[in-house]
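Here the structure comes first, spelled out in C-alpha cells, and everything after it is commentary.
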Amino acid sequence: MGKVSYKKLRGSQNLRQRLLLATLSATPVQVEDIRANDMMPGLRPHEVSLLRLLEKISDDCVVKINETGTKFQYKPGIVMGGRHLLHDCGVSRAIGYFLEPLVVLGLFSKKPLSIRLKGITNDSKDPCVDTFRSATLPLLKQFGVPSEGLELKIESRGVPPHGGGEVLLSVPIIQSLTAVTWIDEGMVKRIRGVTFSTRVSSQFENTMIHAARGIFNRLLPDVHIFTDHKAGQQAGNSPGYGISLVAETTSGCFITADTAVSYARADDGGMEGEKQELVPAEDVGEQIASVLLNEIEQGGVVDTTHQGLLFLLCALCPQDVSKIRVGKLVTHGIETLRLIRDFLGVKFVIKPDPSTGTVILKCVGSGLKNLSRKSS
C-alpha cells in the first residue's frame with residue numbers, strides 16, 4: 001500500500017460540501033484548525049454524525065479524528081448504498097443538513113439506497129423535509145434522474161430541542177446525469193404548501209394558512225396549503241409548528257421558503273427548559289409568504305437555498321455544456337463554485353444579465369460516471 005496523500009484544508013466552513021466533493025472525486029482530505037480558537041474547539045456533533053454516515057454508506061472509508069476534534073483525516077471509500085440502513089442524525093442540526101449529500105451520493109452508489117434517518121425534521125436553520133420532498137427531488141429529475149425509486153416518506157415529525165422525527169429516503173442509482181439548458185424560469189402558476197404542528201393545537205396551522213393566503217390570494221387564485229397535524233408517537237418529543245411553501249412555475253421550476261417555530265436548543269443560546277415566547281402563528285404565515293415572494297422576485301430557476309446543489313449537479317454532468325439561470329449569487333453558492341473548481345476542476349462562466357438582474361452560468365461537466373454500478 002502506497003502512502004495516502006491528503007489534500008490539506010483548514011477550518012470548519014463548508015465542511016459538508018468539502019466531504020461530499022471529496023467523496024465524489026475520491027480525494028482524501030485532511031482538515032486542520034477546526035474552530036481551534038473557539039471556547040468549544042473541534043468538530044460539532046452534526047459534523048461527526050455526517051462522517052459516521054459517510055462510513056455507513058461506504059466501503060473501505062477511513063476516518064481519523066484527533067482527541068480534541070480540531071483535526072481529522074478522511075479517505076473516501078466506494079459508496080455502496082444499500083437497503084434498510086439506519087442513521088440517527090442527532091439534534092444539533094436537522095435531517096435536512098444530511099439529505100443533500102446523501103441524495104447525491106446515493107445516485108452514484110453501487111446499489112440503490114434506502115435509509116431511515118432519525119432526528120429533527122423541521123427547524124429554522126436547515127431546509128425542512130417537506131421542501132426536500134416537494135422541490136429538491138423534482139430538481140434532480142431535471143438532470144435525468146428517474147422518478148421511480150426516488151422518494152422521501154415522512155413517518156413522524158420532530159422539532160428542536162429534542163427531535164424525535166423520522167424519515168425514509170430512497171434513491172435510485174444512475175449511470176450518469178444529463179446536461180441541462182435551463183434558463184427559462186417561467187411565470188408562477190400555483191402555490192402549494194404544507195403546515196405542520198406537533199404537541200400544540202392544530203389551530204396554529206389554520207392561523208398560518210389564513211395569514212399566508214391573505215398575501216397570496218391578491219396575486220393568484222391557485223393556492224392550496226395542506227395541514228399535517230401530528231399526535232402521539234408521530235409528533236416527536238418537542239412542541240412546535242411551521243410551514244413550507246412552494247411556488248411552481250410554467251416552466252417546471254420550484255421556488256421554496258420554509259420555517260419552523262419551536263423552543264431553542266441549549267447550544268443556540270437559549271436555556272433549555274426556559275419558557276421562551278414563540279413567534280405567533282399569524283406572523284409566521286405572513287413572514288414566510290413574504291420570503292417566498294422575495295425569492296420569486298429574484299428570478300432564476302431555483303431559490304437561494306438550492307443554488308449550491310444546482311451548481312454541483314451541473315458540474316457532475318457528462319462533458320457537455322450546461323447552462324442555467326439563478327437570481328443573485330448567495331455566499332453558499334459562491335463557496336460551492338470554488339469547491340467544485342478545487343475538487344472537480346470544473347470552472348463556470350458567469351455572466352450577469354442586467355435586464356433581469358439574474359445571472360447566467362455555463363460549465364462543461366466533469367463527466368462523472370457511476371463506475372461501481374453493476375452493468376446490467
Side-chain angles (χ1 to χ4, degrees), residues 46 89 91-100 119-136 152 154 157-165 167 191-216 223-230 235-236 238-248 254-265 267-270 276-298 302-309 327 330-332:
H46 57 272
C89 300
V91 291
S92 91
R93 283 295 280 270
I95 291 172
Y97 174 85
F98 300 84
L99 282 172
E100 190 180 295
I120 289 168
T121 55
N122 302 74
D123 75 348
S124 54
K125 262 190 203 169
D126 295 292
C128 71
V129 289
D130 306 277
T131 299
F132 194 84
R133 188 166 66 176
S134 56
T136 314
L152 181 74
I154 301 166
R157 289 192 183 269
V159 296
H162 303 302
V167 301
I191 288 176
R192 293 290 177 265
V194 62
T195 60
F196 79 92
S197 55
T198 61
R199 309 204 170 276
V200 293
S201 157
S202 58
Q203 190 51 44
F204 282 106
E205 295 186 62
N206 299 328
T207 310
M208 284 186 287
I209 291 173
H210 187 72
R213 287 191 67 124
I215 291 175
F216 293 139
V223 180
H224 279 289
I225 304 173
F226 302 93
T227 58
D228 184 25
H229 176 68
K230 295 285 191 209
S238 300
Y241 48 89
I243 182 167
S244 162
L245 298 172
V246 182
E248 194 182 330
F254 295 90
I255 308 296
T256 69
D258 66 58
T259 192
V261 176
S262 64
Y263 295 107
R265 303 174 173 92
D267 60 355
D268 287 350
Q276 308 128 306
E277 282 296 308
L278 293 182
V279 182
E282 186 174 1
D283 295 0
V284 174
E286 284 177 2
Q287 281 164 9
I288 212 68
S290 305
V291 171
L292 183 63
L293 292 178
N294 191 26
E295 287 281 3
I296 295 166
E297 188 186 9
Q298 291 202 22
V302 295
D303 51 66
T304 46
T305 51
H306 283 89
Q307 275 185 17
L309 178 61
V330 290
T331 315
H332 169 70

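A quick note: this is a predicted structure, and the numbers were derived from the prediction, not measured.
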TODO: With the side chain counted from C-beta on, respond yes when His306 and Thr136 share a heavy-atom pair under 4.5 Å apart, and no when they do not.
DONE: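 A side-chain contact exists here, since the closest heavy-atom pair is under 4.5 Å.
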Side chains of Cys89 and Phe98, heavy atoms from C-beta outward: is any pair under 4.5 Å?
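SC-SC contact between Cys89 and Phe98 confirmed.
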Subject >> Residue pairs involving residues 288-298 (criterion side chain to side chain donor-acceptor pair (under 3.5 Å); sequence neighbours excluded) >> reply: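 Sorted result for residues 288-298: Glu295-Thr304.
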Donor-acceptor contact below 3.5 Å, side chain [X] vs main chain [Y]:
| X | Y | result |
| --- | --- | --- |
| Ser201 | Gln203 | yes |
| Glu286 | Ala212 | no |
| Thr259 | Ser124 | no |
| Thr198 | Ser238 | yes |
| Arg192 | Ala247 | no |
| Arg265 | Val91 | yes |

Reported CG-to-CE distance for the pair Asp283 and Met208, which is rounded to 0.5 angstrom:
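Atom-to-atom, Asp283:CG and Met208:CE are 12.0 Å apart.
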Next item on the list: Flag the pair Tyr97 / His46 as yes when their ring centroid distance falls below 6.0 Å, and as no otherwise.
Entry: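 Between His46 and Tyr97, which both carry aromatic rings, the centre distance is below 6.0 Å.
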Among all residues two or more places apart in sequence or in another chain, which pass the side chain to side chain contact (heavy atoms under 4.5 Å, CB included) test with Val200?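 Once residues adjacent in sequence are excluded, the partners of Val200 under the side chain to side chain contact (heavy atoms under 4.5 Å, CB included) criterion are Ser197, Phe204, Pro239, Tyr241.
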| message | Please enumerate all residues that pass side chain to side chain contact (heavy atoms under 4.5 Å, CB included) together with Ala94, with sequence neighbours excluded. | response |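 With sequence neighbours excluded, Ala94 shows a side chain to side chain contact (heavy atoms under 4.5 Å, CB included) to Ile120, Asp123, Asp126, given in chain and number order.
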- prompt: Considering the options Val246, Leu245, Asp258, which one meets the side-chain contact (heavy atoms from CB on, under 4.5 Å) requirement together with Leu292?
  reply: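 For Leu292, the side-chain contact (heavy atoms from CB on, under 4.5 Å) check succeeds only for Leu245.
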List the atom of Gly119, the atom of Ile95, and the distance in Å for their closest heavy-atom pair.
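So the minimum-distance heavy-atom pair works out to N-CD1, 3.8 Å.
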Which heavy atom of Ala235 sits nearest a heavy atom of Lys230, and at what distance?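 Of all heavy-atom pairs spanning Ala235 and Lys230, the closest is CB-O, 3.5 Å.
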